[in-house]
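A quick write-up on the structure given underneath.
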Number of protein chains: 2
Amino acid sequence: MNTIYVLPQKELRHLFNKAGLRFTPQREAIWRLFESNSAGFTVSQVAAALAPQKIGQTTVYRTIKALQDMEYLKRVHAEGGEHRFVASRPGHSHMLVCRSCSKAVECTDCDLSVLEKLIAKQTGFAVEGHHLEFFGLCSECF
Amino acid sequence: MNTIYVLPQKELRHLFNKAGLRFTPQREAIWRLFESNSAGFTVSQVAAALAPQKIGQTTVYRTIKALQDMEYLKRVHAEGGEHRFVASRPGHSHMLVCRSCSKAVECTDCDLSVLEKLIAKQTGFAVEGHHLEFFGLCSECF
DNA sequence: GTTGTTGCAAACAGTTTGCACGAAA
DNA sequence: TTTCGTGCAAACTGTTTGCAACAAC
């Protein structure tokens with residue numbers, strides 16, 4: 001369990017409101033869960049963890065989608081068919097995911113512009129962007 | 001429709017046999033379809049295109065999985081929930097996908113080792129690999 | 001002839017939607 | 001008090017599996 005950074009409740013409320021959304025106990029609970037573990041969760045994991053609090057999975061789906069739109073949640077490649085989401089800072093970044101413990105960290109300063117220019121020249125494409133994700137073993141699992 | 005390269009039937013048969021699989025008309029038809037269009041197809045598109053030939057979608061799923069294992073098909077990011085697959089040469093490579101016509105080309109010489117070393121140093125991760133896909137506009141759509 | 005493949009139908013898993021009730025603003 | 005969010009159940013979509021007939025080797 002790797003605590004990333006805990007958003008004060010006021011700030012969190014403001015984030016939701018800014019996005020035109022209401023601040024509800026369910027939404028807070030879901031976010032707090034992601035905040036508590038940088039390995040992230042699948043929808044069913046969140047639903048299972050918050051079942052005691054009677055939070056339905058429909059709400060989990062909708063809240064995760066909202067947090068994704070707000071760029072506070074990023075989807076990472078998962079093994080099975082189910083998607084996994086991890087907390088992240090808004091803006092472009094790449095995820096580095098541990099294949100053992102699933103812990104994810106962001107790399108924000110991965111510059112691929114040189115590579116993009118090279119590819120543009122080789123292929124004639126006007127490169128607009130990329131999806132990039134690294135995987136490996138984190139220092140604890142190594 | 002961008003013809004990539006047409007595998008002679010003998011070679012194709014050999015490829016399947018080498019993988020411990022039989023060479024069937026269904027498998028050939030599915031592969032020929034991918035061979036005919038570098039924009040690739042989703043499962044339902046393949047099934048629809050080959051429905052006149054009475055090829056069931058179960059076969060489409062199984063053949064695509066086989067071709068993926070043989071590394072002759074790569075999955076690319078698609079908009080909707082359905083996966084899209086494009087023909088590719090075996091081995092590690094990255095896909096460059098046109099957001100307008102979906103045409104995909106491979107880039108094989110994209111060296112990320114420098115970046116991987118940098119990230120390893122910054123994060124303490126033992127980086128083992130990456131998923132990378134570029135998107136933009138191909139020269140025809142530009 | 002033996003063994004793998006096909007294609008149908010049924011099962012499954014993940015996700016979305018309709019709607020009445022309840023809570024945030 | 002208005003509007004949005006919740007949670008249940010049902011619907012949907014994409015994918016997998018069981019199995020008998022069939023085809024490749």
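Reminder, nothing fancy here: chain letters follow the sequence lines and each chain counts from 1.
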Report summary line: Side-chain contact check for B:Val43: nearest option of D:dG5, C:dG4, D:dT15 is D:dT15
**Report entry** Under 3.5 Å donor-acceptor pair, B:Arg62 side-chain atoms to D:dT16 base atoms
**Finding:** no
Query raised in the report: If only side-chain N and O atoms of B:Thr59 are considered, is one of them under 4.0 Å from the OP1 or OP2 phosphate oxygen of C:dG7?
Result: yes
Query - Nucleotide nearest B:Arg27 (side chain, heavy atoms from C-beta), chosen from C:dA25, D:dT6, C:dT5 - result: C:dT5
Requested in this report: May I ask you to decide whether A:Arg84 forms a salt bridge with A:Glu79, counting only side-chain N to carboxylate O separations under 4.0 Å?
Outcome: yes
Query raised in the report: What is the distance, rounded to the nearest whole Å, between atom OH of B:Tyr61 and atom P of D:dT13?
Result: 12 Å
Query raised in the report: Can you tell me how far P of D:dT16 sits from CD of B:Gln57, to the nearest Å?
Result: 11 Å
Report task. Measure from CD on A:Gln9 to P on C:dA24 and round the result to the nearest Å. Result -> 12 Å
Query raised in the report: Do A:Arg75 side-chain atoms and A:His83 backbone N/O form a donor-acceptor pair below 3.5 Å?
Result: no
Report summary line: CD1 of B:Ile64 to CZ of B:Phe34, rounded to nearest 0.5 Å, is 4.0 Å
Query raised in the report: Would you say the side-chain atoms of B:Glu82 and B:Ser44 include a donor-acceptor pair closer than 3.5 Å?
Result: yes
Query raised in the report: Near DNA chain C, which residues from residues 11-21 of chain B have a heavy atom under 4.0 Å away?
Result: B:Leu21
Query raised in the report: When rounded to the nearest 0.5 angstrom, what is the spacing between NE2 in B:His94 and CZ in B:Phe134?
Result: 6.5 Å
Requested in this report: Specify the separation, in whole Å, of atom CD of A:Glu82 and atom P of D:dT15.
Outcome: 15 Å
Requested in this report: Considering only NZ, NE, NH1 and NH2 on the basic side and carboxylate oxygens on the acidic side, decide whether B:Glu128 and A:Arg99 come within less than 4.0 Å.
Outcome: yes
Query raised in the report: Ignoring hydrogens and angles, does a donor from either the side chain of A:Thr58 or the base of D:dC8 sit under 3.5 Å from an acceptor on the other?
Result: yes
Report summary line: From CD of A:Glu28 across to C1' of D:dT6 the rounded distance in Å is 16 Å
**Report entry** Heavy-atom check, side chain of A:Thr63 versus side chain of A:Ile55, under 4.5 Å
**Finding:** no
Query raised in the report: Rounded to the Å, how far apart are A:Gln53 CD and D:dG7 C1'?
Result: 15 Å
Query raised in the report: So does B:Lys65 get a side-chain nitrogen or oxygen closer than 4.0 Å to the phosphate oxygens (OP1/OP2) of D:dT16?
Result: yes
Query - Atom-to-atom span, CD of A:Gln26 to P of D:dG7 - whole angstrom - result: 4 Å
Query raised in the report: Between A:Leu50 (CG) and D:dT6 (P), how many Å, whole number?
Result: 12 Å
Query - Minimum-distance nucleotide (side-chain atoms of A:Arg22 versus D:dT6, C:dG7, D:dC4) - result: D:dC4
